[in-house]
Amino acid sequence: MKVLVVGSNGQIGQRLIQLLKESKEHTVRAMVRKKEQADAYEKQGVETVLADLEGTVGSIIEAAKGCDAIVFTAGSGGKTGDDKTLLIDLDGAGKTIDAAEKAGIDRFIMVSAIQANNRENWHDNILPYYAAKHYADRVLESSSLNYTIIRPGILLNETGTGKVAAAENIAYGSIPREDVARAVVAALDEKHTYKRAFDLIAGDDLLADALKKI
C-alpha cells in the first residue's frame, strides 16, 4: 500500500514514516503543514505533501491522491489550548475521514487514546482531549471506511520491545511510541484488525500475535 501519514511531524508520525520508508510491502507519503518540515523529509528521501488540517477537505483529498491508505496520528499537542484540540483532534480527523471517503481510499487507521470509548475512565485534566478522540472515533466507526482504531496507553519515548497487549478493554497501561508505530504498520493489512477498535499497551505477546487475539 501507499500510505498517507497525517501527523507526520508528531513523535509517532516520525517513527511511522521511518518504518514505512524501510518497509518492503508499503510506501509512504508524509503530509506536513510547513515547508521546512517538507524539506527535512525530502532530504531523507521521503515523499511529502503540504496540507493543513485547519484547511479544506479538498486540500486533504489532493494530498491523498494516489494513496491506498491513510493513517491519522495528528494531535494538537499539550502546549495548545482546547480550541486547537477541537480543530485538530476532532475536526481535523473528521475532515480526513471525509476526504478518504470522497477520494475512494478505503483503508484508514486512527491513532486514538486508551479508553477513549469509556467516559468513566477519562482523566479529569485532559477531558477535552478525550472528548475529541471519542467523537473522532465515532465518526470513523459510522463511516463507510475499512477502519482500525488503535487506542494506545500512556506514550513513552523508550525503545520499543515489539511485545504488547491488545484488547477491546484495557483499563490502564503505557507503551513506547515506537511500538505504536509498529502496530500501525502491522495493522495495515492484518484482516483481523479490520473494522475493529482496541486498546494497546506494553505486554507479553509479540505484536503480530497480539493483533490476532483482539
Side-chain angles (χ1 to χ4, degrees), residues 1-30 41 44-46 67-75 93 96 100 105-118 121-123 130 133-134 136-137 140-141 145-214:
M1 298 182 193
K2 184 163 192 172
V3 183
L4 178 71
V5 177
V6 179
S8 297
N9 201 52
Q11 294 190 66
I12 292 174
Q14 291 179 39
R15 290 165 171 81
L16 179 58
I17 294 288
Q18 292 306 314
L19 290 173
L20 289 168
K21 181 186 173 189
E22 296 163 5
S23 169
K24 295 179 181 178
E25 291 81 27
H26 308 295
T27 57
V28 64
R29 178 186 295 161
Y41 268 129
Q44 300 174 42
V46 175
C67 291
D68 307 296
I70 295 176
V71 176
F72 189 93
T73 184
T96 308
I105 299 171
D106 185 53
R107 190 73 178 107
F108 196 108
I109 296 182
M110 176 77 80
V111 178
S112 181
I114 192 168
Q115 293 290 295
N117 56 321
N118 291 324
N121 288 334
W122 294 359
H123 300 293
Y130 266 102
K133 294 299 185 186
H134 175 84
D137 293 351
L140 181 55
E141 288 172 328
L145 301 175
N146 180 16
Y147 67 83
T148 298
I149 299 170
I150 300 174
R151 301 188 298 254
I154 295 171
L155 298 169
L156 307 173
N157 284 330
E158 300 171 359
T159 301
T161 66
K163 291 190 174 182
V164 301
E168 292 183 357
N169 186 29
I170 300 175
Y172 183 80
S174 60
I175 185 169
R177 286 179 170 87
E178 184 179 332
D179 283 334
V180 178
R182 288 175 178 169
V184 170
V185 176
L188 276 168
D189 52 13
E190 173 50 70
K191 294 181 179 179
H192 198 65
T193 70
Y194 292 0
K195 301 276 188 176
R196 303 290 293 274
F198 56 91
D199 297 319
L200 183 74
I201 63 171
D204 298 323
D205 292 328
L206 292 172
L207 181 55
D209 296 335
L211 294 183
K212 289 180 168 62
K213 288 183 178 181
I214 57 171

Colleague: What's the shortest heavy-atom distance between Glu178 and Leu19, and which atoms?
Modeller: O-CD1, 4.5 Å
Colleague: Report, as yes or no, whether the 6.0 Å neighbourhood of atom CG on Asn157 holds more than 12 heavy atoms from other residues, nucleotides or ligands.
Modeller: yes
Colleague: Please identify each residue that fulfils salt bridge (Lys or Arg N to Asp or Glu O under 4.0 Å) with Lys195, with sequence neighbours left out.
Modeller: none
Colleague: Which pair of heavy atoms, one from Ala113 and one from Lys133, lies closest together, and at what distance?
Modeller: CB-CG, 4.3 Å
Colleague: Quick check for you: to the nearest 0.5 Å, what is the distance between Leu156 atom CG and Gln11 atom CD?
Modeller: 11.0 Å
Colleague: If you apply the rule side chain to side chain contact (heavy atoms under 4.5 Å, CB included), what do you find for Ile12 with Val111, and how did you get there?
Modeller: CA-CA 9 Å; Ile12 292 174; Val111 178; 4.2 Å; yes
Colleague: Verify side chain to side chain contact (heavy atoms under 4.5 Å, CB included) between Val164 and Ile201, making sure each step is shown before the conclusion.
Modeller: CA-CA 6 Å; Val164 301; Ile201 63 171; over 6 Å; no
Colleague: Set out, in order, the CA-CA distance, both residues' side-chain angles and the distance that settles side chain to side chain contact (heavy atoms under 4.5 Å, CB included) for Asp199 and Glu168, then state yes or no.
Modeller: CA-CA 6 Å; Asp199 297 319; Glu168 292 183 357; over 6 Å; no
Colleague: Could you report the tightest heavy-atom contact between Ala165 and Ile170, atom names first, then the distance?
Modeller: O-CD1, 3.7 Å
Colleague: So, using side chain to side chain contact (heavy atoms under 4.5 Å, CB included) as the criterion, who are the partners of Ala30 when residues are at least two apart?
Modeller: Ser8, Ile17, Tyr41, Val46, Thr48
Colleague: Which distance, rounded to the nearest 0.5 Å, do you find between the CD1 of Ile150 and the CZ of Arg196?
Modeller: 12.5 Å
Colleague: Closest approach of Leu207 and Ala186, non-hydrogen atoms and distance?
Modeller: CD2-CB, 4.0 Å
Colleague: Taking side chain as C-beta onward, heavy atoms only, is Leu20 less than 4.5 Å from Thr27?
Modeller: no
Colleague: Check for a donor-acceptor pair, side chain of His192 on one end and backbone N or O of Ile214 on the other, with a separation under 3.5 Å.
Modeller: yes
Colleague: Measure the spacing between OG of Ser112 and CZ of Phe198 and express it to the nearest 0.5 Å.
Modeller: 11.0 Å
Colleague: Apply side chain to side chain contact (heavy atoms under 4.5 Å, CB included) to residues His26 and Lys2 and explain how you reach the verdict.
Modeller: CA-CA 6 Å; His26 308 295; Lys2 184 163 192 172; over 6 Å; no
Colleague: Going by the rule ring pair (Phe, Tyr, Trp, His ring centres under 6.0 Å), which residues pair with His134 if we only count those two or more places apart in sequence or in a different chain?
Modeller: Trp122
Colleague: Minimum heavy-atom separation for Ile175 to Ala202, with atom names?
Modeller: CB-N, 3.8 Å
Colleague: Could you grab the distance from atom CD1 of Ile154 to atom CZ of Arg177, nearest 0.5 Å is fine?
Modeller: 11.0 Å
Colleague: Going by side-chain contact (heavy atoms from CB on, under 4.5 Å), Val5 matches just one of Ile109, Val184, Val28, Ile70. Which one?
Modeller: Val28
Colleague: Could you check whether atom OH of Tyr194 has more than 12 heavy atoms from other residues, nucleotides or ligands sitting under 6.0 Å from it?
Modeller: yes
Colleague: State plainly whether the residues Lys213 and Asp205 are in salt-bridge range, i.e. N to O under 4.0 Å.
Modeller: yes
Colleague: For the residue pair Phe108 and Phe72, does the interplanar ring angle fall in the parallel (under 30°), tilted (30 to 60°) or perpendicular (over 60°) class?
Modeller: parallel
Colleague: Output yes when a side-chain donor or acceptor of Arg151 lies under 3.5 Å from a complementary backbone atom of Asn169, and no otherwise.
Modeller: no
Colleague: If only atom types and distance count, is the side chain of Asp137 paired as donor or acceptor with the main-chain N or O of Asn117 below 3.5 Å?
Modeller: no
Colleague: Check whether Asn146 reaches the backbone of Arg107 with its side chain - one donor and one acceptor, N or O, closer than 3.5 Å.
Modeller: no
Colleague: Side chain of Gln14, backbone of Asn9: donor and acceptor closer than 3.5 Å?
Modeller: yes
Colleague: Does Met1 offer a backbone N or O that forms a donor-acceptor pair with the side chain of Asp68 under 3.5 Å?
Modeller: no
Colleague: Is it true that Asp209 and Lys212 have a side-chain N and a carboxylate O under 4.0 angstrom from each other?
Modeller: no
Colleague: Taking all non-hydrogen atoms of both residues into account, name the closest pair between Met110 and Ala93 and its distance.
Modeller: CE-CB, 3.9 Å
Colleague: Nearest 0.5 Å please: distance from the CG atom of Leu145 over to the OG1 atom of Thr96.
Modeller: 11.0 Å
Colleague: Using atom types as modelled and distance alone, determine if a side-chain donor or acceptor of Thr193 lies under 3.5 Å from a backbone N or O of Ala187.
Modeller: yes
Colleague: Please report the interatomic distance CG(Asp179) to CZ(Arg15), rounded to the nearest 0.5 Å.
Modeller: 10.5 Å
